[in-house]
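The structure under discussion appears below in the form of structure tokens.
Proteins get letters first, then strands, A, B, ... in listed order; numbering begins at 1 in each.
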Amino acid sequence: MRDEALGSLDREHVDRQVRLVGWVHRARDLGSLVFFDLRDRTGRVQVSFDPEWADEETLARARALGAEDVVRVEGTLAARPADAQREVGEFEVRATRLEVVSESEPPPIPVYRTPEEEAPAEERRLRYRYLDLRRPEIQQNFILRHRVGQSVRAFLSERGFLEIETPLLTKRTPEGARDYLVPSRVHPGEFYALPQSPQLYKQLLMVAGMDRYFQIARCLRDEDLRADRQPEFTQVDLEMSFAGTEDVLALFEGMVGQVWREVLDEELATPFPRMTHEEALRRFGTDKPDLRIDLEIVDLTDLLQEADFRVFQGTKGTTDRIRGMRIPGGAALSRREIDQLQEVAREGGALGVLWVKRTEEGFSGPFSRALTEGMDARFQEASGMEPGDLFVAVVGRFRDGQGEGPALEPALDLLRRHLGRAVPDLHRAGHGWLWVTDFPLLEWDPEAERWLASHHPFTMPHPDDRELVSAAAAGNDADVGRIRSLAYDAVYNGHEMASGSVRIHDSALQEEVFRVLGIGEEEAREKFGFLLESFRYGAPPHAGIALGFDRLVMLMAGAPSLRDVIAFPKTTAARALLERAPSEVPDAELDTLGLVRRRSRGDTDPPRH
RNA sequence: GGGGCUGUAGCUCAGUUGGUUAGAGUGCCGGACUGUCACUCCGGAGGUCGCGGGUUCGAGUCCCGUCAGCCCCGCCA
């Protein structure tokens, strides 16, 4: 049908006959002259009709063209004058033939937009997704996505990883996110679950001797959505035998490094910086710090609780802390901007934020009263405050303290990110990759009133904390919260991008961890008996990681939402607007599945659109 | 489950203190136009003001409910 894709046209084709196909992007009808831009995924080229080379019938057909018609043209490729190459590029086709291959009704949402025109409402874009996806800008995202995927595949294949698919119809996940359930027709009343991740299968593949596995795997979780969360998403999932933390981290850095080199043509600095979970919380207030922001938390409790200032003195004899940040250049913030910080701090669970400015005249602001003579010099030394700086502090309970109620790390995290945006020069460009290691093995779930695995129940405890595990398994849970694990996260620009761990491959240790988790023998056998059983027959030590593929592509593409890098995404309410899912099914079908429909009260009609 | 924002022509939006026939740009239809590239110019059609109820002499505008989309909290081992 065609000689070339539009993006393949080059100087070699000038003065030659070409046959091209594509969509009518935008038409300009000048009477005897007609121009339009022909578009396909690879590019755009102007097609021109002039009585000099086109007959009247062809001209008439060109005048009748509408946006998004699919057409085939034949003509001579011509170079265009350099001063006229705006928009449509270097070449034009002087068309002698024009054939409408497939006519388009006026599209409900435009594919071509002027630079100033806002994009159609997202609802419209999703309803007519096949039109939305024709937009060259969004096609770029999918080209990028493809290239990242290919780069990852090649990298892992070259290093001996086998790509192996794992089941979509599987068993319920006992903990964690809500499962999507699929009723079994053959076994009425029983359900498959769609996998939240291939976690158990990839460990079984290690026991199966596959040595190194990867999969660009779909994962499904029935949880509420966000801009960076979809119910079905894709992970680059991998697992390696006879490997520990260092092997996984080095491999991952190599993989991301190759992606950056091949797709973005940039060299990433490796190895990535590392910090422990404890350090990340202490210095940045979060387990996924954005290292591009040049702000760091300091603890000034010992100094400031000696000041003549009631809020500070109130921390004496408690485990409450006074922590804050020096904001270089922050004194330039307006009163209104500083007032806004109260809101930010409250959002993070603090009662408010105390602040002090240092100007050439000295300290000013709410806690300057605490900085009496002597104290001011010590504060300045401890904080490093220069003229023009601002210091913000919150007072209360932090994670490392005792007592009830929310901890204040999130308040400092929010303040840090807010101020990183608000104050000029605190936010560096670049790629802030980093490893966070030694996550706690368990975290307390106040609702369930028990300890839950913070990564998953098969995570290897940190070797230095083995005794704490044994103690906790024996019933002494005083230090349960302090047990660290061999779990690690890769963080990129403040986003959690990948998460993994060294796994337990020893039945005795696994049983101990289950006991700490309050999972009985019976329960463990019922829930993951098949995995535990496999460990009895020679399980290799193994470790792995999973990378959020959509999220990585989103950030690489500079897209504001996962929806811009997933071809057919769901709405915030987990609906598919194009094909209209979920939808009701006839009672007969439910009957086959052994299901009975029960409607909520007052809900008498199927959802409309 | 909770909070916030949005919903007016195919699309993007304006619409004052509640007041006559709800507007603009673009797209669409018709006409003119020999180098456009956001072509230009002339004319025309096009409205369930998301939906339901209420207040009012009168509602796009005020109130209540509801649906949908988006952002956030909870949730996401």
Side-chain angles (χ1 to χ4, degrees), chain A residues 25-37 44-52 54 59 63-64 66-68 78 80-81 83-89 92 94 105-128 131-132 173-179 196-197 199-200 219-231 233 347-349 406 410 414 439 441-443 445 447-448 450-459 485 487 496 499 501 517 519 527-528 548 560-561 563 570-573 575 577 602-603 605 607-609:
Chain A
H25 193 55
R26 174 137 184 101
R28 296 173 289 279
D29 171 8
L30 276 70
S32 292
L33 293 176
V34 180
F35 303 89
F36 71 86
D37 303 339
R44 270 175 280 173
V45 67
Q46 172 165 281
V47 183
S48 67
F49 297 86
D50 185 307
E52 248 180 70
L59 269 162
R63 272 191 289 271
E68 300 310 309
R80 310 182 61 228
D83 64 344
Q85 292 177 3
R86 286 173 284 169
E87 277 297 301
V88 288
E92 70 170 16
R94 302 195 162 166
E105 295 176 24
I109 61 169
V111 176
Y112 165 85
R113 270 189 293 137
T114 64
E116 293 80 23
E117 193 178 354
E118 294 286 328
E122 192 135 15
E123 191 179 349
R124 298 279 86 190
R125 292 178 49 198
L126 294 176
R127 168 70 182 81
Y128 299 100
L131 295 177
D132 192 44
T173 317
E175 288 172 11
R178 275 182 280 265
D179 290 308
Q196 295 176 22
S197 76
Q199 181 62 39
L200 298 178
C219 304
L220 299 109
R221 295 178 189 173
D222 188 5
E223 294 291 349
D224 290 338
L225 310 184
R226 292 283 188 286
D228 62 354
R229 250 160 49 188
Q230 279 277 306
F233 60 100
E347 216 175 298
L414 286 171
F439 274 73
L441 186 69
L442 307 152
E443 57 194 41
D445 180 350
E447 266 180 52
R450 66 186 190 93
W451 292 97
L452 291 178
S454 51
H455 186 57
H456 58 59
F458 318 108
T459 306
S485 67
E496 180 192 325
S499 187
S501 63
L517 282 165
I519 300 175
K527 286 176 172 169
F528 356 79
S561 159
R563 291 184 299 275
K570 305 285 187 284
T571 68
T572 323
R575 261 182 203 292
L577 296 183
D603 181 10
D605 289 314
R608 277 179 301 253
H609 299 274

Should the side chain of [X] and the base of [N] be counted as holding a donor-acceptor pair, with the cut-off at 3.5 Å?
X: R229(A); N: rC75(B); result: yes
X: E92(A); N: rG35(B); result: yes
X: R80(A); N: rC37(B); result: yes
X: R221(A); N: rC76(B); result: no
X: R226(A); N: rG74(B); result: yes
X: E52(A); N: rU34(B); result: no

Hey, is the main chain of R563(A) close enough, under 3.5 Å, to the side chain of Q230(A) for a donor-acceptor pair?
->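 No; judged by distance alone, with no hydrogens or angles, the pair does not exist.
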Side-chain contact, heavy-atom cut-off 4.5 Å: S32(A) with D50(A)?
->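 Sidechains of D50(A) and S32(A): no contact.
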Inspect the contact between D132(A) and R125(A) and indicate whether a charged nitrogen and a carboxylate oxygen are less than 4.0 angstrom apart.
->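 Salt bridge: yes.
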Write down the partner of rG7(B) under the Watson-Crick or G-U wobble criteria, each distance required to be under 3.5 Å.
->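 Checking every strand shown, rG7(B) finds its partner in rC67(B), with both distances under 3.5 Å.
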Rounded distance (Å) that lies between atom [atom2] of [N] and atom [atom1] of [X]:
X: R575(A); N: rC70(B); atom1: CZ; atom2: C1'; result: 16 Å
X: L452(A); N: rC75(B); atom1: CG; atom2: P; result: 11 Å
X: E223(A); N: rG1(B); atom1: CD; atom2: P; result: 13 Å

NA contact type, R125(A), heavy-atom cut-off 4.0 Å: base, sugar-phosphate, or nothing?
->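 Nothing, no heavy atom under 4.0 Å.
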